[in-house]
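Below is one structure; the comments refer to it alone.
Values in this document were obtained by computation on a predicted structure and should not be read as measured data. Sequential numbering from 1 along the given sequence is applied to the chain's residues.
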Amino acid sequence: MGADDAGTVVVLADSLSFYGPVGGLAADDERIWPNRVGAALGRRVELFARIGWTSRDIWWALTQDPRIWAALPEADVVILAYGGMDSLPSPLPTALREQIRYLRPASLRQGVRGVYGWLQPRLSRLGWPMALPPAITVDYYEKVRAAISHLRPDLPIVVALPPTHASPYYGHAHPGRVPTSSAIEHWAAQHDLPVVDFYPITARDFGVDGSGDAQDMNPDGIHWGLHTHAALAELVAPAVDSLLD
């Protein structure tokens with residue numbers, strides 16, 4: 001069966017799904033991991049993702065984006081590949097960061113953005129508060145799962161556990177990853193959802209586990225090189241394939 005004749009792999013994600021070593025890539029770029037998974041399985045990919053999306057943003061997208069409503073009825077499987085933003089330290093309120101773009105005049109906006117950029121990495125070393133606490137993250141995951149299951153009770157779902165980072169913008173701090181990943185994994189087990197863990201590959205490629213270096217990664221310390229996309233696709237494809245008829 002060719003990709004045009006098959007169903008689709010729907011991926012709900014953040015910018016890690018489409019950013020490469022030098023910036024964002026188009027949703028149909030064959031090098032990003034969702035499209036590598038689709039190519040390996042002979043399925044088309046419908047990617048819904050934006051920069052900075054947390055599980056709360058995914059829920060909002062699911063309830064507000066008619067493109068997702070159109071994609072789910074034709075899907076063979078859904079991959080939930082987000083949660084990394086939830087786990088990042090956010091010592092200043094997320095709402096503050098999101099409102100900076102609306103400040104006027106431009107000089108005020110630039111000044112506030114500069115102060116925010118100075119404070120964020122320094123306060124991030126505290127590791128608290130997080131963008132979303134694990135309990136809230138899991139609540140949104142469950143909202144997403146329940147909505148999908150209500151529409152398509154038979155639709156398989158694969159869950160990707162959050163990766164890590166090595167970003168100076170977050171003070172190289174990521175204490176929230178473990179509690180967030182543990183909460184997501186526990187929730188997935190309650191619903192018998194298969195899990196793939198993005199941490200080992202990203203820890204290796206960022207060099208945070210001491211086994212490699214970040215030479216080919218995006219210099220922002222958050223997004224990945226194309227070799228990481230390839231490795232993650234090799235991780236995800238078998239898990240997805242096991243759920244397909």
Side-chain angles (χ1 to χ4, degrees), residues 1 6-14 16-17 33-49 53-63 65 68-87 130-164 176-203 229 231-245:
M1 178 182 294
T8 58
V9 176
V10 170
V11 181
L12 303 179
D14 54 30
L16 294 172
S17 63
W33 73 259
N35 292 334
R36 288 178 178 271
V37 170
L41 303 177
R43 259 71 177 182
R44 292 179 291 109
V45 172
E46 292 284 357
L47 173 61
F48 301 95
W53 267 5
T54 65
S55 57
R56 177 171 53 201
D57 297 297
I58 295 289
W59 168 242
W60 288 342
L62 186 66
T63 59
D65 190 338
I68 300 180
W69 308 344
L72 287 175
E74 304 300 323
D76 287 335
V77 63
V78 174
I79 303 174
L80 306 183
Y82 50 90
M85 287 298 300
D86 300 48
S87 69
M130 296 160 55
L132 286 179
I136 302 300
T137 291
V138 167
D139 182 57
Y140 281 114
Y141 269 79
E142 175 56 18
K143 287 178 183 290
V144 170
R145 185 207 64 82
I148 293 173
S149 296
H150 179 75
L151 177 66
R152 291 276 310 278
D154 60 331
L155 184 58
I157 298 173
V158 175
V159 180
L161 298 182
T164 191
R177 184 194 64 82
V178 171
T180 298
S181 292
S182 297
I184 295 171
E185 188 170 24
H186 178 70
W187 163 81
Q190 290 180 316
H191 298 283
D192 296 320
L193 303 179
V195 167
V196 292
D197 192 353
F198 280 12
Y199 174 76
I201 290 172
T202 55
H229 279 272
L232 289 172
E234 291 179 0
L235 173 71
V236 174
V240 174
D241 190 38
S242 68
L243 300 176
L244 299 174
D245 293 332

Please name all residues satisfying side chain to side chain donor-acceptor pair (under 3.5 Å) with Ser181, sequence neighbours left out, ordered by chain then number.
none
Pro194: what forms a side-chain contact (heavy atoms from CB on, under 4.5 Å) with it, not counting sequence neighbours?
Val158, Leu243
Return the minimal non-hydrogen interatomic distance between Gly83 and Thr180, and the atom names on each side.
O-CG2, 4.0 Å
Would you check if Val196 and Ile79 make a side-chain contact, meaning some heavy-atom pair closer than 4.5 Å?
no
What distance separates Lys143 NZ from Arg56 CZ, expressed to the nearest 0.5 Å?
12.0 Å
From CA spacing to verdict: side chain to side chain contact (heavy atoms under 4.5 Å, CB included), Ile68, Leu12:
CA-CA 9 Å; Ile68 300 180; Leu12 303 179; 4.2 Å; yes
Atom of Thr8, atom of Ala75 and distance for their closest heavy-atom approach:
OG1-CA, 3.3 Å
So, taking the atom named OH in Tyr141 and the one named CD1 in Ile157, what distance separates them when rounded to the nearest 0.5 Å?
11.5 Å
OG1 on Thr164 to OH on Tyr199, rounded to 0.5 Å:
5.5 Å
Taking side chain to side chain donor-acceptor pair (under 3.5 Å) as the definition, give me every residue that meets it alongside Thr54, ordered by chain and number, with sequence neighbours left out.
Asp57
Here the salt bridge (charged side-chain N to carboxylate O under 4.0 Å, His left out) pairs for residues 71-80, sequence neighbours left out, are Arg43-Asp76
Could you give the side-chain donor-acceptor pairs of residues 232-241 under 3.5 Å, partners two or more places apart or in another chain?
none

Closest heavy-atom contact between Pro34 and Val11?
CB-CG2, 4.0 Å
Report the residues that fulfil side chain to side chain donor-acceptor pair (under 3.5 Å) with Ser17, sequence neighbours left out, ordered by chain and then residue number.
none
Between Ser87 and Met130, the two heavy atoms sitting closest are CA-CE, 3.8 Å
Residues at least two apart in sequence or cross-chain that pass salt bridge (Lys or Arg N to Asp or Glu O under 4.0 Å) with Asp197, listed by chain then number, are none
For His191, check ring-ring contact (aromatic ring centres under 6.0 Å, His included) against everything at least two apart and list the hits.
Trp187
Sorted by chain and residue number, the side chain to side chain donor-acceptor pair (under 3.5 Å) partners of Thr202 (sequence neighbours excluded) come out as none
Side chain to side chain contact (heavy atoms under 4.5 Å, CB included), that's the test. Do Val37 and Val45 meet it? Break it down for me.
CA-CA 8 Å; Val37 170; Val45 172; 5.9 Å; no
Would you name the heavy atoms of Ile58 and Trp53 that are closest together and state the gap between them?
CD1-CE3, 3.4 Å
So salt bridge (charged side-chain N to carboxylate O under 4.0 Å, His left out) across residues 149-164, not counting sequence neighbours, yields Arg152-Asp154
Nearest-0.5 Å distance that lies between atom CD1 in Ile184 and atom CG in Asp86:
6.5 Å
Val195 and Ala188 have their tightest heavy-atom pair at CG2-CB, 3.5 Å
State the CG-NE2 distance between Asn35 and His229, to the nearest 0.5 angstrom.
10.5 Å
In chain order, what residues pass the ring-ring contact (aromatic ring centres under 6.0 Å, His included) check against Phe198, with sequence neighbours excluded?
Trp33
Kindly write out the residues that satisfy salt bridge (Lys or Arg N to Asp or Glu O under 4.0 Å) with Glu142, not counting sequence neighbours, or none if the list is empty.
Arg145
